[in-house]
**Q** 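Before I ask anything, let me first share the structure, which is written out below as structure tokens.
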Amino acid sequence: MTEYLLLFRNASAPEGYLATTQDMAEDMPRWQAWIGNMAIQGKLVSTAPMVYDATVVKADENESGPYKAPNSVLVSGYLIAKSDTPEEVAEWAKSCPILKYPESSVEIRALIPFPI
């Protein structure tokens, strides 16, 4: 089975996420069901939301704050799942709760095993 990284992207405000506390509370059962479905199948590896604050490290400087695309979209969380096919992962992504928000998306990337 291949492991896939799903990156959750969502629009943000200047100093935080757009989703309100109420939005997050209402969305929690959807996230639990969506992630739980993968867990029940034994395909969930890891998942977590991300805090807003970040540091972007570059070769010549560090920047305070998360990296945002020009339209204020940033990565707000991730999930790693395993699957035999990329099509199965794409089907999971289509029902991701984050897609209810404007400017949101789920990016899917296959992971390459790295020998340690």
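Because the structure is a prediction, the values reported are computed rather than measured. Hydrogens, waters and symmetry mates play no part in the numbers below; they use all other heavy atoms, side chains included.
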**Q** Mind checking what makes side chain to side chain donor-acceptor pair (under 3.5 Å) contact with Trp92, not counting sequence neighbours?
**A**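 Once residues adjacent in sequence are excluded, Trp92 has no partner under the side chain to side chain donor-acceptor pair (under 3.5 Å) criterion.
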**Q** Less than 4.5 Å apart, any side-chain heavy atom of Leu6 and any of Val89?
**A**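 Of all side-chain heavy-atom pairs linking Val89 with Leu6, at least one is under 4.5 Å.
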**Q** Would you give the length of the straight line joining atom CG of Leu44 to atom CD1 of Ile35, rounded to the nearest 0.5 angstrom?
**A**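 Reported to 0.5 Å precision, the distance equals 7.0 Å.
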**Q** Measuring from atom CG of Asp84 to atom OG1 of Thr2, what distance do you get when rounded to the nearest 0.5 angstrom?
**A**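 So the CG of Asp84 and the OG1 of Thr2 are separated by 7.5 Å.
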**Q** Kindly compute the distance separating CE (Met1) from CD (Glu88), expressed to the nearest 0.5 Å.
**A**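 Between atom CE of Met1 and atom CD of Glu88 there are 8.0 Å.
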**Q** Checking side-chain contact (heavy atoms from CB on, under 4.5 Å) for the pair Ile80/Leu111: CA distance, chi angles, key distance, verdict?
**A** CA-CA 9 Å; Ile80 298 174; Leu111 298 176; 4.0 Å; yes
**Q** Quick one, Lys82 and Tyr4 - any side-chain contact, counting heavy atoms below 4.5 Å?
**A**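 No - every pair of side-chain heavy atoms lies 4.5 Å or more apart.
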**Q** For the CD atom of Glu26 and the CD atom of Gln22, what is their distance to the nearest 0.5 Å?
**A** 4.5 Å
**Q** Suppose we screen for side chain to side chain donor-acceptor pair (under 3.5 Å). Which residues come up paired with Thr55, at least two apart in sequence or across chains?
**A** none
**Q** Tyr52 and Ser76: side-chain donor and acceptor closer than 3.5 Å?
**A** no
**Q** Strictly below 4.0 Å, N to O, side chains only: are Glu103 and Arg9 in salt-bridge contact?
**A**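 No, no charged N to carboxylate O under 4.0 Å.
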**Q** Nearest 0.5 Å please: distance from the CG atom of Leu79 over to the SG atom of Cys96.
**A**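 Here the interatomic distance stands at 8.5 Å.
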**Q** Side chains of Trp34 and Met38: does their closest heavy-atom pair fall under 4.5 Å?
**A** yes
**Q** Supply the atom-to-atom distance Tyr101 OH to Asn10 CG, rounded to the nearest 0.5 angstrom.
**A** 7.5 Å
**Q** Evaluate the side-chain proximity of Val75 to Phe8: yes if any heavy-atom separation is below 4.5 Å, no if none is.
**A**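 They are not in contact (no side-chain heavy atoms under 4.5 Å apart), so the answer is no.
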**Q** Do Glu61 and Lys58 meet the salt-bridge criterion of a basic N to acidic O distance under 4.0 Å?
**A**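 Between Glu61 and Lys58 there is no salt bridge, as every charged N stays at least 4.0 Å from the carboxylate O atoms.
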**Q** What closest approach, in Å, do Ile98 and Ser104 show between heavy atoms, and which atom pair accounts for it?
**A**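 Smallest interatomic distance, heavy atoms only, reads O-OG, 2.7 Å.
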**Q** Applying side-chain contact (heavy atoms from CB on, under 4.5 Å) to Lys100 and Asp27, what does each step give before you reach the verdict?
**A** CA-CA 10 Å; Lys100 83 172 204 179; Asp27 290 347; 2.8 Å; yes
**Q** Looking at Asn37, is its backbone amide N or carbonyl O close enough to the side chain of Gln41 to form a donor-acceptor pair, meaning the two atoms are under 3.5 Å apart?
**A**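 Such a contact is found between Gln41 side chain and Asn37 backbone.
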**Q** Do Val45 and Glu3 touch side chain to side chain, with heavy atoms closer than 4.5 Å?
**A**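 Heavy-atom side-chain distance check passes, below 4.5 Å.
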**Q** Among Leu74, Asp53, Val56, which residue satisfies the side chain to side chain contact (heavy atoms under 4.5 Å, CB included) criterion with Pro66?
**A**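 The passing option is Leu74.
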**Q** So, do Val106 and Leu99 sit near enough that their side-chain heavy atoms are less than 4.5 Å apart?
**A** yes
